[in-house]
Q: 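I have a structure here, written as structure tokens, and I will follow up with some questions on it.
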Number of protein chains: 4
Amino acid sequence: MAVHSTAKKKGSADKRDRILRAAIKVFAKNGFYATRVSEIAKAAGVADGTIYLYFKNKDDVLITIFEDGIQQLLAILREVAVSEQPFDERITRIIELQLGLLEDQRDLAEVITVNLRQSSTLLKQYAAPLFMEYIDVIAGLIRDGQKEGAFRKDINSRVVARSLFGALDAILLTWALGEADPPSLRKAASHCASLFLEGLRVR
Amino acid sequence: MAVHSTAKKKGSADKRDRILRAAIKVFAKNGFYATRVSEIAKAAGVADGTIYLYFKNKDDVLITIFEDGIQQLLAILREVAVSEQPFDERITRIIELQLGLLEDQRDLAEVITVNLRQSSTLLKQYAAPLFMEYIDVIAGLIRDGQKEGAFRKDINSRVVARSLFGALDAILLTWALGEADPPSLRKAASHCASLFLEGLRVR
Amino acid sequence: MAVHSTAKKKGSADKRDRILRAAIKVFAKNGFYATRVSEIAKAAGVADGTIYLYFKNKDDVLITIFEDGIQQLLAILREVAVSEQPFDERITRIIELQLGLLEDQRDLAEVITVNLRQSSTLLKQYAAPLFMEYIDVIAGLIRDGQKEGAFRKDINSRVVARSLFGALDAILLTWALGEADPPSLRKAASHCASLFLEGLRVR
Amino acid sequence: MAVHSTAKKKGSADKRDRILRAAIKVFAKNGFYATRVSEIAKAAGVADGTIYLYFKNKDDVLITIFEDGIQQLLAILREVAVSEQPFDERITRIIELQLGLLEDQRDLAEVITVNLRQSSTLLKQYAAPLFMEYIDVIAGLIRDGQKEGAFRKDINSRVVARSLFGALDAILLTWALGEADPPSLRKAASHCASLFLEGLRVR
DNA sequence: CATGAATGAGTATTCATTCAT
DNA sequence: TATGAATGAATACTCATTCAT
């Protein structure tokens with residue numbers, strides 16, 4: 001029975017994943033509002049109604065994509081943030097991770113940076129809290145660095161965190177909307193890191 | 001008669017402006033897609049059909065708001081970018097202006113930072129080009145500073161420009177979505193400026 | 001004052017006629033329902049509101065065109081129907097007149113044959129009675145001919161009248177919709193006349 | 001299973017037919033333009049949206065009604081036109097068939113004779129070609145009769161065909177709009193046939 | 001008489017969601 | 001679980017008509 005149940009879940013999970021992957025693709029291509037549920041179903045190779053067996057509604061699909069992506073990112077960030085590496089390294093690593101995570105998932109990047117803001121309700125209800133969590137992690141890291149003398153103290157840690165988030169978001173947006181070549185993204189990451197690290201240096 | 005003629009024109013301009021102001025308000029409150037044309041009309045105190053005497057369609061209202069706002073900003077930025085002030089001052093001024101311009105137009109800020117991305121078509125067709133123009137102005141200023149030895153040369157000017165845009169956008173977004181108190185916005189601006197200026201300093 | 005009044009009326013009549021002529025043109029081109037009142041106004045060189053100074057509403061414009069055209073036709077038909085000519089001549093004349101009347105007013109022909117049926121209300125309320133009047137005139141002529149031994153008696157005069165009306169309507173319709181060359185219309189008229197006259201001949 | 005499959009198809013076909021029958025009824029009553037899609041849906045006992053599962057749009061419903069009716073008529077006409085009967089019989093039969101086909105479908109008759117002309121686009125795009133096809137069939141029969149010496153040769157076969165179509169259309173129109181009693185329609189048919197046959201007789 | 005800006009009632013069509021199979 | 005036919009609420013936009021000037 002356990003096997004059966006697992007098999008069931010696995011089968012379900014597969015279909016669920018297919019739907020999510022299909023949704024990321026069509027959301028990225030057409031935007032959230034312009035995407036029809038039937039288009040997601042078609043791209044996923046399932047019937048329209050099947051989507052409602054795995055998700056509450058269309059909004060829920062977008063929310064899931066967003067939460068999954070951000071949670072994945074947050075888990076990594078938290079790990080890096082409390083690692084034993086020097087603070088500069090941690091910041092650099094975070095930037096690299098954040099951009100790298102999405103580098104091979106361009107569609108996901110577009111969905112997260114662009115589509116996310118398409119529904120005011122989603123933005124305020126789901127994204128804002130996660131956004132704050134993200135800011136908290138980074139700001140915490142900055143504050144730790146300030147306490148230990150690694151970063152200058154005359155600058156608000158949350159302002160830095162927000163600036164960093166925004167900078168990376170804008171870089172990703174440009175990359176997602178334009179012709180994205182990975183090298184440029186990685187180079188941008190290193191320049192961005194250098195900019196922020198120098199900006200944070202104690203003088 | 002000149003007065004009369006002015007009055008006449010003003011009458012029309014007034015109605016157009018009333019519609020735009022009403023649209024900014026309801027777009028900020030409910031988002032572009034969740035806003036009904038009839039809501040804009042009601043808020044503006046005109047009939048539904050009147051909106052179509054001044055705008056091609058609902059999209060056109062959002063585009064106009066966005067373009068007006070960005071053009072206004074771009075005009076100021078260009079002026080500052082080529083002014084005679086020291087480069088540090090110019091960067092600081094740009095940051096202050098950009099945040100200050102929207103400080104007393106919180107709804108407009110929300111519409112520009114949030115609603116803008118609600119329509120993929122609008123974003124790619126109208127926002128992307130203006131975004132690039134903005135990046136060009138800032139990147140040009142950075143490059144000038146690099147040439148004259150005011151900024152470090154080992155960092156790509158466009159990456160800096162994008163980062164700055166993103167940082168300010170994120171700060172504005174936080175402010176627009178959260179409880180906005182102007183002092184915090186101004187303080188954030190000065191911290192952000194300091195962060196970027198130190199990050200750009202020649203060593 | 002009489003002069004003034006006349007001048008006034010003349011001025012008015014001119015404008016009224018301009019509107020009617022413009023309406024015939026655009027109705028023929030686009031059909032009644034697809035024609036906007038503003039299009040009529042533009043074609044007539046007057047303001048939208050002016051139309052309502054001369055006509056009750058859009059329907060009234062079509063009705064007026066139709067009634068004017070049919071009344072004009074009826075007046076001629078009645079005159080011919082009771083003339084002293086041989087019955088065959090009268091029938092021939094009626095056919096020629098009916099087709100000839102519209103030959104140089106192709107737009108009017110299209111409006112009467114096509115647009116007329118576009119509004120069920122108009123058709124039933126205004127056209128049907130006039131149609132019956134028309135049928136009465138022709139049927140009366142046929143009946144007179146039957147009484148005087150010019151036409152065969154074993155055929156219902158109203159059926160003949162309806163058939164003749166329909167035949168001419170179909171010929172006009174083909175001509176109005178297709179490439180209309182007047183010679184063909186006139187030739188069709190003579191063939192049609194011959195067909196009906198032989199069909200009516202006493203044997 | 002074949003039954004099941006048939007039942008399934010029948011279910012769909014039934015719904016489609018129900019919509020068409022309902023549309024004929026309301027179109028005949030109120031005309032094409034005055035009929036709301038929701039009225040058709042209500043009369044058919046389906047939801048508004050269901051209509052769009054079977055038809056592209058409101059126009060498509062009218063077109064389908066018209067094409068179905070005319071194709072049905074054309075099929076019969078073609079059969080009669082090339083049958084072995086004497087030419088006079090064929091003509092008589094065609095007239096009887098055409099009127100008879102619609103005798104027990106008064107609403108359909110009204111839709112075809114009246115509503116058809118309600119949309120200029122429909123008329124020119126869909127009706128005109130079918131009208132021409134009809135004319136071709138009749139004209140071909142007349143021409144054959146002329147070749148074989150059954151009909152007089154000094155009269156254009158297409159003019160005769162158009163006249164016959166128009167005559168029958170007018171008779172139907174009168175019948176559809178007025179108080180329709182079948183006997184009168186059948187009697188009118190025989191009178192009309194006699195009129196045209198005598199008109200076509202070789203002398 | 002003439003204007004044309006403003007009105008707002010009116011409707012075809014779409015599409016997220018449901019539910020009988 | 002899966003389907004997809006059916007639903008029907010929801011809305012941008014048009015355009016005949018009005019009326020202040």
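Below, read A as the first sequence line, B as the second, and so on, with proteins coming before strands; counting in each chain starts at 1.
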Q: Could you tell me how far apart C/Leu53 (CG) and F/dC19 (P) are, to the nearest whole angstrom?
A: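 About 13 Å, once rounded to whole Å.
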Q: Please state how far atom CD1 in A/Ile40 lies from atom P in E/dA16, giving the value in whole angstrom units.
A: 8 Å
Q: Which whole-number value in Å describes the distance from B/Tyr33 OH to E/dT14 C1'?
A: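 Taking atom C1' of E/dT14 as the reference, OH of B/Tyr33 is at 14 Å.
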Q: Figure out the CG/P separation between A/Asp60 and E/dT17, and round it to whole Å.
A: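 Distance check: A/Asp60 CG to E/dT17 P gives 10 Å.
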Q: Which is more 5' along DNA chain E, the nucleotide nearest A/Asp48 or the one nearest B/Val46? Just name the residue.
A: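 This one resolves to B/Val46.
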Q: Figure out the CZ/P separation between B/Phe55 and F/dC13, and round it to whole Å.
A: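 About 13 Å, once rounded to whole Å.
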Q: Between A/Thr35 and C/Gly45, just flag the one whose closest nucleotide in DNA chain E comes earlier from the 5' side.
A: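 Upstream on the strand: C/Gly45.
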Q: Let's go through C/Arg16 and C/Leu53 carefully: what are the C-alpha distance in whole Å and the side-chain angles of both, what is the deciding distance for side-chain contact (heavy atoms from CB on, under 4.5 Å) to 0.1 Å, and is it a yes or a no?
A: CA-CA 9 Å; C/Arg16 202 186 111 106; C/Leu53 297 175; over 6 Å; no
Q: To the nearest Å, give me how far apart NZ (A/Lys56) and P (E/dA16) are.
A: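 Answer to the nearest Å: 15 Å.
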Q: In dot-bracket notation, what is the pairing pattern of DNA chain F, taking Watson-Crick (N1-N3 plus N6-O4 or O6-N4) and G-U wobble (N1-O2 and O6-N3) contacts under 3.5 Å, with [ ] crossing and | for other strands?
A: .||||||||||||||||||||
Q: So does D/Thr35 get a backbone contact from the side chain of D/Lys58, meaning a donor-acceptor N/O pair under 3.5 Å?
A: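 Checked: pair present.
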Q: Has B/Thr50 got a side-chain N or O lying under 4.0 Å from the OP1 or OP2 atom of E/dA6?
A: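 Checking B/Thr50 against E/dA6: no side-chain N or O falls below 4.0 Å of OP1 or OP2.
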Q: Name the residue from A/Asn57, A/Leu62, A/Val61 that meets the side-chain contact (heavy atoms from CB on, under 4.5 Å) definition with A/Asp59.
A: A/Asn57
Q: Atom CG of B/Asn57 to atom P of F/dT14: distance rounded to whole Å?
A: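 For the pair B/Asn57 CG and F/dT14 P, the rounded distance is 9 Å.
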Q: OP1 or OP2 of E/dA5 sitting under 4.0 Å from any side-chain N/O of B/Tyr54?
A: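 For B/Tyr54, the contact criterion (side-chain N or O under 4.0 Å from OP1 or OP2 of E/dA5) is not met.
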Q: Determine whether A/Gln105 and A/Ile24 make a side-chain contact, defined as any pair of heavy atoms from C-beta on separated by less than 4.5 Å.
A: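 No - every pair of side-chain heavy atoms lies 4.5 Å or more apart.
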Q: Phosphate oxygens OP1/OP2 of F/dT3: is one of them under 4.0 Å from a side-chain N or O of A/Tyr52?
A: no
Q: Indicate yes or no: at least one non-hydrogen side-chain atom of A/Asp107 is less than 4.5 angstrom from one of A/Phe27.
A: no
Q: In terms of heavy-atom contacts, does OH of C/Tyr126 have more than 12 from other residues, nucleotides or ligands at under 6.0 Å?
A: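 Incorrect, the count does not exceed 12.
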Q: Both C/Ser38 and A/Ala47 contact DNA chain F. Which one's nearest nucleotide lies toward the 5' end?
A: A/Ala47
Q: Under 3.5 Å, sequence neighbours excluded: what are the donor-acceptor pairs made by side chains of residues 43-52 of chain A?
A:
from: A/Thr50; atom 1: OG1; to: A/Ala47; atom 2: O; distance (Å): 3.4

Q: Can you check whether A/Lys15 has a side-chain N or O nearer than 4.0 Å to OP1 or OP2 of F/dA2?
A: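 The answer is yes; a side-chain N or O of A/Lys15 sits under 4.0 Å from OP1 or OP2.
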Q: A/Ile19 has an atom CD1; how far is it from atom P of F/dA2, in whole Å?
A: 8 Å
Q: Respond yes when some side-chain nitrogen or oxygen of C/Arg36 is under 4.0 Å from OP1 or OP2 of F/dA16, and no when none is.
A: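 So the side chain of C/Arg36 is within the cut-off, an N or O lying under 4.0 Å from OP1 or OP2 of F/dA16.
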